[in-house]
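One structure below.
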Amino acid sequence: MRPPRLVPGSRVAALSLSSGFVTEVMNRYRAGVRQVGQEFGWEVVAAPNALRGPAFLAANP
């Protein structure tokens, strides 16, 4: 069984690498979110821990 195709207006989740590195390159993250929105029309929603930094992830593996 396959899920339905993503279409403009679909919501997709942004997940984080286990290192939490994304918080150190937020400009690149924002650019990626903007590009996905412009190119595909998708709404990107950050998962609950996606934008937590390395210190939080180290304390909460």
Side-chain angles (χ1 to χ4, degrees):
M1 182 182 298
R2 290 185 180 198
R5 241 177 236 260
L6 295 173
V7 296
S10 293
R11 294 178 82 190
V12 296
L15 306 178
S16 176
L17 299 174
S18 59
S19 68
F21 179 72
V22 70
T23 59
E24 298 177 24
V25 290
M26 285 301 293
N27 57 329
R28 294 190 74 173
Y29 170 79
R30 288 186 194 104
V33 168
R34 189 170 43 254
Q35 184 176 7
V36 165
Q38 291 172 350
E39 294 295 321
F40 301 106
W42 300 343
E43 177 187 357
V44 178
V45 179
N49 291 327
L51 302 178
R52 302 284 184 137
F56 174 84
L57 295 174
N60 301 280

For residues 3-10, which side-chain donor-acceptor pairs fall under 3.5 Å, sequence neighbours excluded?
residue: Ser10; atom: OG; partner: Val7; partner atom: N; Å: 2.9
residue: Ser10; atom: OG; partner: Val7; partner atom: O; Å: 2.8

Q.
Per the salt bridge (charged side-chain N to carboxylate O under 4.0 Å, His left out) rule, what does the pair list look like for residues 48-59, sequence neighbours excluded?
A. none
Q. Listed by chain and number, what are the salt bridge (Lys or Arg N to Asp or Glu O under 4.0 Å) partners of Glu43, not counting sequence neighbours?
A. Arg11
Q | Closest non-hydrogen atom pair, Thr23 against Pro54 | A | OG1-CD, 3.6 Å
Q.
Test of understanding: with ring pair (Phe, Tyr, Trp, His ring centres under 6.0 Å), list the residues that count as partners of Phe56, not counting sequence neighbours.
A. none
**Q.** Partners passing side-chain contact (heavy atoms from CB on, under 4.5 Å) against Val44 (at least two apart in sequence or in another chain)
**A.** Val12, Ala14, Tyr29, Val33, Val36
Q.
Enumerate the salt bridge (charged side-chain N to carboxylate O under 4.0 Å, His left out) contacts for residues 14-36, please, sequence neighbours excluded, ordered by first and then second residue.
A. none
